[in-house]
2 protein chains.
Amino acid sequence: MTGMLKDKTRFVPPPKLPPPTPVVDLSDAEMRIAQDLLFFAYRDFTNVADQVLDELGLGRAHHRALHFIGRNPGITVSSLLAVLRITKQSLARVLNQLVDEGFVGQAPGFEDRRLRLLTLTDKGAALERRLFDAQRNRISKAYSGAGPLGVQGFHAVMRGIMDQGARDYMDGTGSAEDT
Amino acid sequence: MTGMLKDKTRFVPPPKLPPPTPVVDLSDAEMRIAQDLLFFAYRDFTNVADQVLDELGLGRAHHRALHFIGRNPGITVSSLLAVLRITKQSLARVLNQLVDEGFVGQAPGFEDRRLRLLTLTDKGAALERRLFDAQRNRISKAYSGAGPLGVQGFHAVMRGIMDQGARDYMDGTGSAEDT
DNA sequence: CGAAATGGGTCAGTATTGTTGACTTAAAAT
DNA sequence: ATTTTAAGTCAACAATACTGACCCATTTCG
C-alpha cells in the first residue's frame, strides 16, 4: 500500500549541486553511498537487540558494556572506559546497574588491588548470548550473501574507517587505552 | 608510552565460554569480530564530523537531517521521518533550528500544498559539504586500501545487514516510508 | 618513609536526543 | 459536508552523554 506513493517521496535534484570539488580520485557519489550504508547498517544492526533489552529495562549502553566485558574477561574499568570512549560517570550508571542485577561480577586485581576486574556472571553471559544471537542472524545472512571474498573486503574497509587505536585493539596489540 | 602496559589491559578468556550453539556454518568468533567492526567504524566515522558541529552548536541529529535533505532535495517531512525513524517531535526540534538558522529552506508542494518540501539553502549545502569532506577522507582512504573488489564486498555485506526497506530506499525503489 | 600518582567511586548539574500522548490547523479526498 | 492526511505544537519524561569537583585506597617514586 505504501509503495503506491513512490512519486511523492523521491525527488529529482533541482539545480542545486555546486561544482563538486574534485579533490581526490574517488567520486563523491560513491562516498555518499558509503554514508548511507553506514547509517542504515548500524541502525538496523543495533535495533535487533533492542527488543530483548527493553524487556529487561536495559539500554544499548548496557549491551555495549556486556559485549566488551564478555570479549575481554577481567578487563579493568579504565580499559573499558577507553574502549567505549565515554566518561567514568556515564559508565558508572550502567555498570552499577549491571553489577546490582547480577549480570557482571568483579574481583580485585591480584598484584594491584586497586583494580576492579570485570567479568560476566553466568546470568550476564546468558543475556549477552541472547543479544548476540539476535544480531548474529543479520551478520550471518549478510556474510553468506557476500561470500568469503566479500567478507574480506568488508573487513578491510571497516578497519580502514576506524581509528588506528581501534585497529590495534582488534589486533590484540596496543593497550585498550589507545582505542 | 601507553603501549607498555599491554599486559594489564588484555586478558586470556577464563573457562567461561559455554558450548557455542553451532547453529549455522559461520563461526561465532567471526561474528564477534563483525560486532567490533561495526562499533568502531561507526563510532569513529561519526566522530570526525563532531568538531565542526560543536563549533556551530549543532549535534549529530542535525547532521543526519542535513545529509538526507541534501541527498533528497524536496523531501517531505514525513518521508524524512520515515528515513530517520524518529518521531515528529524529535525531528521538529532539530529541523526548526536548521530552518531558523538558515540551513534548510522549505516550499509548499505544488499539487498538494499541505506538503513542506525541504531543501538545503546555500548555507546549508556549504555546511553539509564541510561535514561530508571530513568523513570523505576516512572513506576514501579505506576504499583505496581495500581496492575495488573490497569495496564491492563492503557494499554487499552492509546491504545484507540492513532492513529490506533500507535497501529499497538506497536502490531508489520503494517509498521512503518503508525505510 | 612520606609525597605524589593512579585506579576507582561519587555528587551535582546540564545538554542532546529520543519517547508518548493529546490536540490544532489547513488542505485533500470521499 | 465529513473524513483523512500532512504537519505543527505543548507538555512531560527517559536514556545517555557531558563537566567539574571531590574522596578514598593503593601503589610508586624520590
Side-chain angles (χ1 to χ4, degrees), chain A residues 1-2 4-5 8-9 39 43 46-47 49-51 53-54 56-66 74-100 104 106-118 175-177, chain B residues 1-2 4-5 8-9 39 43 46-47 49-51 53-54 56-66 74-100 104 106-118 175-177:
Chain A
M1 181 138 285
T2 50
M4 304 171 68
L5 334 163
K8 283 201 206 151
T9 58
F39 175 74
R43 183 196 66 176
T46 53
N47 270 358
D50 285 352
Q51 204 198 328
L53 289 166
D54 278 357
L56 298 165
L58 302 176
R60 287 185 198 171
H62 301 92
H63 187 188
R64 265 172 252 144
L66 288 173
I75 193 173
T76 63
V77 169
S78 58
S79 291
L80 190 52
L81 284 175
V83 172
L84 293 172
R85 286 238 200 111
I86 57 176
T87 56
K88 215 183 351 175
Q89 296 81 343
S90 287
L91 180 60
R93 250 171 314 151
V94 163
L95 200 49
N96 286 335
Q97 199 182 339
L98 289 173
V99 171
D100 287 350
V104 168
Q106 30 187 348
F110 179 62
E111 334 157 27
D112 187 342
R113 281 175 311 179
R114 287 173 307 180
L115 303 180
R116 238 227 280 181
L117 308 185
L118 305 168
S175 67
E177 273 71 16
Chain B
M1 181 140 284
T2 50
M4 304 169 69
L5 332 163
K8 282 202 208 150
T9 57
F39 174 74
R43 183 196 66 177
T46 52
N47 271 357
D50 284 351
Q51 204 198 328
L53 289 165
D54 278 356
L56 299 165
L58 302 175
R60 287 184 198 172
H62 301 91
H63 187 187
R64 265 172 251 145
L66 287 174
I75 192 173
T76 64
V77 169
S78 59
S79 291
L80 189 52
L81 283 175
V83 172
L84 294 172
R85 284 234 202 116
I86 57 176
T87 56
K88 213 181 355 173
Q89 296 80 346
S90 286
L91 180 59
R93 254 178 325 214
V94 162
L95 201 49
N96 287 334
Q97 201 183 338
L98 289 173
V99 171
D100 287 350
V104 168
Q106 28 188 349
F110 179 62
E111 336 156 29
D112 187 341
R113 281 174 312 180
R114 285 174 307 179
L115 303 180
R116 239 225 282 179
L117 307 186
L118 304 168
S175 67
E177 273 70 17

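Only a predicted model underlies this, so the values are computations on that prediction, with no experimental measurement involved. Lettering of chains follows the sequences in order, A, B, ..., and the numbering in each one begins at 1.
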- [ ] Round to the nearest Å and state the distance from B/Leu56 atom CG to C/dA15 atom P.
- [x] 18 Å
- [ ] Enter the distance from B/Gln89:CD to B/Leu91:CG here, rounded to the nearest 0.5 Å.
- [x] 9.5 Å
- [ ] Record whether the side chain of A/Arg113 comes under 3.5 Å of the base of D/dT26 through a donor-acceptor pair of N or O atoms.
- [x] no
Task: pair A/Arg116-A/Thr76: side-chain heavy atoms closer than 4.5 Å - done: no
Open item on the list: So which atom in B/Val94 and which in B/Ala65 form the shortest heavy-atom distance, rounded to 0.1 Å?
Closed with: CG1-CB, 4.2 Å
Open item on the list: Using the side chain to side chain contact (heavy atoms under 4.5 Å, CB included) definition, which of the options B/Asp54, B/Leu58, B/Leu53 pairs with B/Leu56?
Closed with: B/Leu58
TODO: Measure from CG on A/Asn96 to C1' on C/dC11 and round the result to the nearest Å.
DONE: 13 Å
TODO: Determine, for nucleotides 16-21 of chain D in 5'-to-3' order, which nucleotides have protein heavy atoms under 4.0 Å from the base (write B), from only the sugar-phosphate (write S), or from neither (write -).
DONE: BBBBBB
TODO: Using whole Å, report how far CG of A/Asn47 lies from P of C/dG18.
DONE: 12 Å
Open item on the list: Expressed as a whole number of angstroms, how long is the span from B/His63:NE2 to C/dT16:C1'?
Closed with: 17 Å
- [ ] Please report, rounded to the nearest Å, how far the C1' atom of C/dG7 is from the CD atom of A/Glu111.
- [x] 14 Å
- [ ] Round to a whole Å and report the spacing from CG of A/Leu53 to P of D/dA15.
- [x] 12 Å
Task: For A/Asp50 against A/Thr46, the heavy-atom pair lying closest together - done: OD1-O, 3.4 Å
- [ ] Quickly work out the B/Arg114 CZ to C/dA28 P distance and round it to whole Å.
- [x] 6 Å
TODO: Rounded off to whole Å, could you give me the CG-to-P distance for the B/Asp54 and C/dA15 pair?
DONE: 14 Å
- [ ] May I ask you to verify if any side-chain N or O of A/Thr76 is less than 4.0 angstrom from the OP1 or OP2 atom of C/dG7?
- [x] no
Task: From B/His63 atom NE2 to A/Phe39 atom CZ, the distance as rounded to the nearest 0.5 Å - done: 11.0 Å
